[in-house]
Engineer: 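The structure that follows is given in the form of structure tokens.
In what follows, every heavy atom counts, from backbone to side chain, and hydrogens, waters and symmetry copies are set aside. Chain identifiers are assigned alphabetically (A, B, ...) following the order of the sequence lines, protein sequences preceding nucleic acid strands; residue numbering begins at 1 within each chain.
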Amino acid sequence: MAEKNMVQTIHDTLHDEMKADDRVVVLGEDVGARGGVFRVTQGFLEEFGEQRVIDTPLAESSIVGVAIGMALHGLIPIPEIQFADFIHPAFDQIVSEAARIRYRSNGDFGVPMVIRAPWGGGVHGALYHSQSIEGFYGHVPGLKVVIPATPRDAKGLLRAAIRDPDPVMFLEHKKTYRLIKGEVPDEDYEVPIGKADVKREGDDVTCVSYGLMLHHCLEAAQKLQDEDGVSVEVVDVRTIAPLDKETILESVKKTGKAMVVYEDNRTYGPGAEIVATIAEEAMLDLDGPLVRVAGPDIPAMGFASNIEHFYMPDVEKIHAAMKELAEF
Amino acid sequence: MAEKNMVQTIHDTLHDEMKADDRVVVLGEDVGARGGVFRVTQGFLEEFGEQRVIDTPLAESSIVGVAIGMALHGLIPIPEIQFADFIHPAFDQIVSEAARIRYRSNGDFGVPMVIRAPWGGGVHGALYHSQSIEGFYGHVPGLKVVIPATPRDAKGLLRAAIRDPDPVMFLEHKKTYRLIKGEVPDEDYEVPIGKADVKREGDDVTCVSYGLMLHHCLEAAQKLQDEDGVSVEVVDVRTIAPLDKETILESVKKTGKAMVVYEDNRTYGPGAEIVATIAEEAMLDLDGPLVRVAGPDIPAMGFASNIEHFYMPDVEKIHAAMKELAEF
Amino acid sequence: MATRVKQAEDRHSSLGLTDDDLLSMYRTMLTARLCDEQQFRLNRQGRAPFVVPVSGHEAAQVGTAWPLVRGKDIYVPYYRDMAVCLVAGFTAKDVFLGLFGKADDPSSGGRQMPAHWGSRRLGIITGSSPIATQIPHASGIAYAMKYRGEDSVVASWFGDGATSEGDWHEALNFAGIHKLPTVFVCENNKYAISVPLSKQCAVEELSVRAEGYGFPGATVDGNDVLASYEAMKEAVERARSGAGPTLIETNCYRFYPHTSDDDDRTYRSREEVEEARKNDPILLFGNYLKSVGITDDAKLEGVREELKAEVDRAVDEAWNAPDPEPESATRHVFAEGSGEGGPGGSSSPGDDEATSSKASGPLG
Amino acid sequence: MATRVKQAEDRHSSLGLTDDDLLSMYRTMLTARLCDEQQFRLNRQGRAPFVVPVSGHEAAQVGTAWPLVRGKDIYVPYYRDMAVCLVAGFTAKDVFLGLFGKADDPSSGGRQMPAHWGSRRLGIITGSSPIATQIPHASGIAYAMKYRGEDSVVASWFGDGATSEGDWHEALNFAGIHKLPTVFVCENNKYAISVPLSKQCAVEELSVRAEGYGFPGATVDGNDVLASYEAMKEAVERARSGAGPTLIETNCYRFYPHTSDDDDRTYRSREEVEEARKNDPILLFGNYLKSVGITDDAKLEGVREELKAEVDRAVDEAWNAPDPEPESATRHVFAEGSGEGGPGGSSSPGDDEATSSKASGPLG
Ligand SMILES: Cc1ncc(C[n+]2csc(CCOP(=O)(O)OP(=O)(O)O)c2C)c(N)n1
Ligand SMILES: Cc1ncc(C[n+]2csc(CCOP(=O)(O)OP(=O)(O)O)c2C)c(N)n1
Ligand SMILES: [Mg+2]
Ligand SMILES: [Mg+2]
């Protein structure tokens, strides 16, 4: 048991997986000598060699497309997209190819690969280094999308993703890389893909979130507990797709009040499905309105601190919405 | 006033717009001599010449990217994506560029263009000639997405889209091209982008839909009226983004029961936002569950008739859900 | 592109091809042609909603597919490549099972449109409709072959239209950088549906682009099966020896419309099509076989009748095969246990079904 | 790439450049360098969170931007192109308004990261972060110029890394097919962040790829402003005359890390950087100016002090300029009335604000 931050945990887990299985290769921009712009593959080139740690040309569509070919021929490629904002050129390879190869071949072929991408805002990244992309990819049958919020989950989900026979998108919130620390068990374990996790137990309100926002929700919940004695249950979705409805509905049925917090643009965003699911399957258990706290419907957060802050949901905004819902 | 089918209406409207304004150009695969694989630009090459009717190389990202450049320099380009399924390579140019150029330049630049794409299933198109894409693009601030279901709306919305100073995605359901006919006023008119339309008045149930499914809903509503005397109000969304909440909520507040029907994959699909909106803003007016009828969460419909039919929501499925909701 | 009837001198022995090789190449080309004629007949009869023709491409396809080693090398074809798949091991019946969207369609069990080939058993990578997406896959497979220390080769096929896509550029660039064991084959029939080559690129020969990726390119007469074979044989040997990729452009012509949904009279004159048919690759190859005394008109007629009967039988068997179960549409979205291609699985023909990646360790 | 101190013979008169032209080119290069040094100082002081350096690219940028006609031609730069934008009309203050993300930042009003240039007034197309996306825009602008019958030219700039993207391929191919009035300028500094050229492509010179698009390519010494100017001048004349595009590759070197977030010691030896600095384009140009007697060390020192004072003043003014209003973040998602670039608007400098497309009719 050691305390680590997110980026260290992902680095160590990836390292151990590469050490244990030489079918695992990483490829992407600057993953070699540079060790990745966020240092996730630091030291990999020296230890595993350039055959397994592949600095690719600046071409995302082929980073994913080539990885698909590798996966079709016995390897377990782990392409890194340097920033989630730059995954868009690979949209076709991910949606039309990776996610459909098993289905279209009637199960004859499979694409075991893990697409890693740092996402999210609050890092002065402006329009093109801050984006949320889970709203797009959660809507793609054949693709699994996971978002760990803690080091413990990061290790378990990454190990599960690498062992998954199908393509998994593994999204790492940039802001959590060094900000979020936690105990990481030394032994090998997997966190099952498709299972949400109650990160804080509570009785009065259910707050569903993931990624950086989950931590804001936990902080807001604590504040509400301390100041008003309200007990909020915080559910970490962890897997965007396939979505674990059961855990969410169970909590809502217990508390009778639900809110969803996400950083992505509000409209047609991930929270819409979660709210819709609760509305459809737990309406009669609700004794309060369904609430969404999310990014505004503007193209992205700006660079200037104050316009970036304007975009990001923060503890205050979340706490205010929580309080209002609790008092309803 | 003349009766026309969808494809004829779109052809005629586009033709008149090109005739009236020589800043309007069409570009895409096979839009020239072939007149488009669905014949939407039939005869354009002969009448307007190859400078304005541009057969492009097989490269969607540049079809949109080049169109953006044209729009930045005084033209009003109307790129045609041959099938919506093939728009994915242009995802980056649409999401990162077209939709963000005005925002990122603080209003200095604008991209007036209309991206046309035939979408939807029920045409033996299998995995790659049947897709719904509005779920992806509705989630992109800075982009408008419209889907006409009738010839009258097709003319008015296309004229509005061409006059809009911002990028508009104009989605044409392939199955409606020849199937759906209707009266089209001869005079010039626009159907405002961002306004839904009540296509059938009713008091007992609100059914929200668009595209081909709208027609199935109308048929199911008529059946329910005839057989059970239930009166269903059918709302045609018409504009996916920005979504016209008012018209939808008004209807739901009147009927107290709501269902949403769409062909796209159910989970994280367009209907999620519509259901979530109703749940958030009209929960207390509801006296029945919120219902979604949508495509299953499988990569796409198959080629064989029976597996294609398995995917598509049809009049029976919709009618059954309507009846059940009405009887709740 | 015009090709005259070959002289009587032997062009095949020096290529290591026996008379039997030539005859079976001819049979494969003719089988593809007969399947084509049949599928259009079925389309007119309303029994096949969608048809993708191969006619005119038989020499380019058989010539370039032939040098690959079945059971070892990998084929990454596109929809036009019926003859490539016949070389790789598809039967006429397989073709029609796909045409009718039957449960036993080896490519997709009736899920995909006809001509979306694939078979793990035969080393044919499953294909989709989006143009050029398969080419990066070929580069990735080639990388894995090299990484795994195999001496196998992967070839990908695509049309002239595909060369305009960004994926084409990115795939060739990647293969060039790593000197991968792969061959890129462009079947240049001068049109992307209706768009003529002059509106697709500003060069005479697409093969010149190979230089920009650091490997050789060659343009050959795609109506000449031996010329296509020779160029491919060299390229495959080059790839297998570790010398890297080659881009081969085979000039050919599509005799039928793009698909059964197309009307090519809107963009090609009948004269142009008639002129092209004079270089019918099957006609030319038949003439060669006769000119070198391997066969005669009577024998060729016998072959045609024999193959025609086979194709007719294949149509009947496929037509009477079972349809997929509607509920089967929900299967294979994700793996159903370790029986399906997962980590450790490989596109290599003969490889047993995917093992779970839990069993980690050395390659193989 | 190594360049020796120029001989005393006059190389500029034959290019139509006067002594004054040379001095203002020098001033522009030096201004860029001084802004660079200042922005890194501000970064270390914690006053500028993010810096994109230009140092080492000044000759390539000034040399290739200079032949364009301000107020008429269009510039499509990438983030590295501070000096291109200075040539196009940006001031040092504009640069720092962007660096500090101020409301008056001409590029984006503080919305975008620094070095995401744009100004409709100056004919500089707004840029984004995704690499190579601007290149198809340049082809589209060039198409519109030709369509509108202008005799203007559009140039786009990008790094070696951009040439690997599919968009790069598609944009050059389109420009070649239509013989568009455009010039593609690659600032080849041998690295895409840490990825060396050898892992980006398998060719010595990226300019060879032009042949595959049907137009000429040239590689020049990007440390030599006159060589860069000469190649660009020819290409611009070629484009303006209707002869079509040109691909120019300018070999240069990035003296600083990729950005203030980068640590280049992980992938480049200090020796390599020091070696490259011997070919500092400003040093070389200064030597040339002295060798042909246009200036001397004392004069150059005077210029440096004068520009240094200007840059310092620009920093202070920009630093004290107002921040954007938080609520302004919701503006300009869509057009706010006809004041904004809409149908009929144009990237052409001087064009009045967008007219509504309702007023249809003839071009212009
Ligand atoms: C990405 C994409 N865009 C458009 C299409 C529609 N389409 C199918 S085939 C085709 C033309 C392909 O031409 P070519 O590559 O030359 O092959 P050929 O059919 O001539 O053998 C087009 C445009 C597609 N399938 N995929
Ligand atoms: C599509 C995309 N992928 C990745 C990145 C991250 N990135 C920013 S700059 C850069 C390297 C660009 O190198 P080059 O084009 O040679 O320009 P240089 O910085 O050397 O001037 C990368 C990988 C990006 N901005 N866009
Ligand atoms: Mg072709
Ligand atoms: Mg570079």
Side-chain angles (χ1 to χ4, degrees), chain C residues 130-133 135-136 139 142-143 158 160-180 182 184 186 188 192 195-219 238-239 242-247 249, chain D residues 130-133 135-136 139 142-143 158 160-180 182 184 186 188 192 195-219 238-239 242-247 249:
Chain C
I131 298 291
T133 50
I135 311 174
S139 294
Y143 190 96
F158 47 84
D160 43 294
T163 64
S164 300
E165 281 284 1
D167 272 8
W168 182 86
H169 169 69
E170 297 185 14
L172 270 69
N173 190 39
F174 187 88
I177 292 164
H178 295 282
K179 282 196 175 311
L180 299 178
T182 188
F184 300 100
C186 177
N188 184 350
V195 182
L197 208 57
S198 62
K199 289 199 160 78
Q200 296 185 57
C201 62
V203 291
E204 290 303 311
E205 296 189 336
L206 287 161
S207 59
V208 302
R209 290 185 179 169
E211 190 195 346
Y213 304 113
F215 54 81
T219 298
R238 194 168 173 280
T246 304
L247 170 61
E249 175 183 31
Chain D
I131 298 290
T133 51
I135 311 174
S139 295
Y143 190 96
F158 47 83
D160 43 293
T163 65
S164 300
E165 281 284 0
D167 272 8
W168 183 86
H169 169 69
E170 297 184 13
L172 270 69
N173 190 40
F174 187 88
I177 292 164
H178 296 281
K179 283 195 172 314
L180 299 177
T182 188
F184 300 100
C186 177
N188 185 350
V195 182
L197 208 57
S198 62
K199 289 199 159 80
Q200 296 185 57
C201 61
V203 292
E204 290 304 312
E205 296 189 336
L206 286 161
S207 59
V208 301
R209 289 186 179 167
E211 190 194 345
Y213 304 113
F215 53 80
T219 298
R238 194 167 174 282
T246 303
L247 170 61
E249 175 183 30

Engineer: Let me know if C:Ser207 has heavy atoms under 4.5 Å from chain D in its side chain, its backbone, both or neither.
Structural biologist: neither

Engineer: Please classify the contact of D:Glu165 with chain C as side chain, backbone, both or neither, using a heavy-atom distance under 4.5 Å.
Structural biologist: both

Engineer: Closer than 3.5 angstrom, by distance alone: can the side chain of D:Asp167 be matched with the main-chain N or O of C:Gly166 as a donor-acceptor pair?
Structural biologist: no

Engineer: Do you know the tightest heavy-atom contact between C:His169 and D:Thr163?
Structural biologist: NE2-O, 2.8 Å

Engineer: At what distance, to the nearest 0.5 angstrom, does CZ of C:Arg209 lie from CG of D:Asn173?
Structural biologist: 4.5 Å

Engineer: Tell me every residue that passes side chain to side chain donor-acceptor pair (under 3.5 Å) with D:Thr246, counting only those two or more places apart in sequence or in another chain.
Structural biologist: none

Engineer: As an exercise: rank C:Gly214, C:Ala210, C:Ser198 by heavy-atom pairs under 4.5 Å with chain D and give me the winner.
Structural biologist: C:Gly214

